[in-house]
Amino acid sequence: MSKTTLKDLNTIPATERKSECSGKACLTKPTVDNANENVEECEKKRNGSSLVSPHVNGNQAVPADAVVETATVEVEYTESENLNDVEDIDTCLKTLLAGLNSKDWVLVCDTLNNVRRLSIFHKEAMLDILGDVITHIAKALKSPRSAVIKTAIMTSADIFCAYNDLIIDSLDPLLVQLLLKSSQDKRFVCEAAERALILMTTWISPISLLPKLQPYLKHKHPRIRAKASMCFSRSVPRLGAEGIKTYGIDKLIQVAASQLSDQLPESREAARTLLLELQNVYEKFHDLIPAATLSEDPEAKTVSEVPETKTVSEDPKTETASEDTETKTVSEDPKAETTSEDPKTKTESWENFCQSKLSPLSAQAVLRVTSIAREGLVS
């Protein structure tokens with residue numbers, strides 16, 4: 001019987017065996033299809049949840065009920081003049097450092113805004129912890145979240161306006177981050193960082209700020225060099241003529257000359273602006289120095305005493321000689337004034353000064369920049 005059965009199986013057509021197998025496959029196929037559909041639905045849910053989250057959150061999925069709250073925190077960047085005072089100063093101060101050090105980025109943003117409020121309305125209350133606060137602000141500037149970065153930048157700007165030179169010893173970590181953020185690709189971060197740097201050069205005295213900026217003029221990052229050059233160029237005119245003379249006009253010319261060959265146009269333009277300012281200051285000093293020297297020269301005093309000699313003397317020859325000396329002195333004074341006001345003489349003096357303080361190539365580059373600018377003004 002077994003042989004008959006086997007024989008019957010062997011005689012079944014191949015098409016029937018295939019259909020039978022396909023029938024069995026059909027029984028298991030819906031299970032696979034259902035699994036694929038479930039996977040696709042899960043992926044859609046994931047994609048949908050990532051789409052509703054704000055772009056500044058990266059790829060982290062945010063629950064639907066929390067979207068409104070996080071969006072409000074991220075979009076609201078309150079300007080300094082629109083900030084309100086804190087409700088409880090003591091409670092705010094006690095929780096300040098803990099809030100800045102929190103892993104909850106929303107809490108960090110809220111605490112940064114509290115720092116801004118305290119610096120505007122109660123800056124004396126935060127003096128004791130100012131160094132620690134600035135350290136945490138610099139840490140927030142390194143955050144991967146754009147909302148935290150921009151809030152920290154705005155906090156830095158308010159710190160500059162409130163504390164001025166009091167933060168100079170803690171400035172370095174803030175400065176390097178602001179220079180870096182001002183050259184990033186995200187436009188709203190760049191603009192906020194540039195505004196903060198402008199406020200820094202406005203509210204911190206140049207005599208304190210320039211030594212802090214100078215090392216970044218040689219930074220390996222070209223964008224940081226460019227932003228530092230722009231800050232340096234903005235700070236120098238705030239020294240005034242006397243301040244530039246005290247700081248050392250020769251040092252400033254050497255700094256500007258080194259930036260003329262930088263690869264970025266922002267650095268070169270900042271150097272040109274600075275050189276023109278220094279040239280104007282030098283020429284003003286060049287006019288004042290001879291007058292000061294004459295007023296303190298012992299020989300000048302001797303000349304001023306000549307009329308007394310003339311009065312005492314009774315010899316007509318002596319009187320004639322003294323009158324001749326006075327006539328010569330008076331006749332020479334206009335020549336001296338004409339010489340000091342001669343633009344050609346000023347130009348030659350500036351050229352000699354640059355050639356004495358710079359290498360031949362650097363002096364040539366500086367003189368080319370300043371002479372072109374002068375020709376443009378004359379024309």
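Pairing each heavy atom of Ile198 with each of Thr201, the nearest pair is O-OG1, 2.8 Å.
Using a 4.5 Å heavy-atom cutoff, the side chains of Cys92 and Leu118 are in contact. When side chains are defined from C-beta on, Leu275 counts as touching Leu260, because their heavy atoms get closer than 4.5 Å. Annotation: side chain of Lys181 is not in contact with side chain of Leu178 (no heavy-atom distance under 4.5 Å). Side-chain contact between Val236 and Leu252: present, with at least one pair of heavy atoms (C-beta onward) separated by less than 4.5 Å. Ile137 is not listed as a side-chain neighbour of Gln177, based on a closest heavy-atom distance of 4.5 Å or more. When side chains are defined from C-beta on, Leu209 counts as touching Leu171, because their heavy atoms get closer than 4.5 Å. For the pair Asn84 and Phe121, the minimum side-chain heavy-atom distance is 4.5 Å or more. Between Ser156 and Leu141 the shortest side-chain heavy-atom distance falls below 4.5 Å.
A cation-pi arrangement, defined by a distance under 6.0 Å to the six-membered ring centre and an angle within 45 degrees of its axis, is present between Lys150 and Tyr77.
Ion pairing between a basic and an acidic side chain is recognised when a charged N comes within 4.0 Å of a carboxylate O; Arg272 and Glu269 show such pairing.
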Would Tyr216 and Asp172 count as a side-chain contact (heavy atoms from CB on, under 4.5 Å) if you check the C-alpha gap in whole Å, the side-chain angles of each, and the deciding distance to 0.1 Å? CA-CA 10 Å; Tyr216 296 103; Asp172 287 330; 4.3 Å; yes
Test log, rule side-chain contact (heavy atoms from CB on, under 4.5 Å), inputs Ile253 and Tyr282: CA-CA 11 Å; Ile253 288 176; Tyr282 175 81; 6.0 Å; no
Verdict with supporting geometry, His136 and Val133, side-chain contact (heavy atoms from CB on, under 4.5 Å): CA-CA 5 Å; His136 284 89; Val133 169; 5.9 Å; no
Evaluate Thr95 against Asn114 for side-chain contact (heavy atoms from CB on, under 4.5 Å), listing each step before the verdict. CA-CA 10 Å; Thr95 59; Asn114 285 336; 6.0 Å; no
Salt bridge (charged side-chain N to carboxylate O under 4.0 Å, His left out) assessment of Glu266 paired with Arg225: CA-CA 9 Å; Glu266 293 93 337; Arg225 288 200 308 270; over 6 Å; no
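Placement of Trp203 and Leu179 in two distinct hydrophobic clusters is found when ILVMFWY residues are connected by side-chain heavy-atom separations under 4.5 Å, directly or transitively. At a threshold of 4.5 Å between side-chain heavy atoms, the hydrophobic network of Ile, Leu, Val, Met, Phe, Trp and Tyr places Leu93 and Ile120 in two separate groups. Leu175 and Leu130 fall within a single hydrophobic cluster, where Ile, Leu, Val, Met, Phe, Trp and Tyr are joined by side-chain heavy atoms under 4.5 Å apart, directly or via other members. The cluster map of Ile, Leu, Val, Met, Phe, Trp and Tyr, joined by side-chain heavy atoms under 4.5 Å apart, puts Ile149 and Leu199 in different clusters. Side-chain heavy atoms closer than 4.5 Å link hydrophobic residues (I, L, V, M, F, W, Y) into clusters, and following such links, possibly through other members, connects Phe232 to Ile168.
In this structure, Tyr163 contributes its side chain and Lys123 its backbone to a donor-acceptor pair below 3.5 Å. In this structure a side-chain-to-backbone donor-acceptor pair under 3.5 Å is missing from Arg117 to Asp85.
Under the side-chain contact (heavy atoms from CB on, under 4.5 Å) test applied with Ile159, the options Met126, Met200, Met154 reduce to a single match, Met126.
Qualifying side-chain contact (heavy atoms from CB on, under 4.5 Å) partners for Ser362, counting only residues two or more places apart in sequence or in other chains: Ala257, Leu358, Ser359.
The aromatic rings of His221 and His219 sit tilted relative to each other, their planes meeting at an angle between 30° and 60°.
Note that CD1 of Ile129 and CG of Leu97 are 4.5 Å apart. Values are rounded to the nearest 0.5 Å. Rounding to the nearest 0.5 angstrom, the gap separating the OH atom in Tyr247 from the CG atom in Leu210 is 5.0 Å.
A donor-acceptor contact closer than 3.5 angstrom is absent between the side chains of Trp105 and Ser143.
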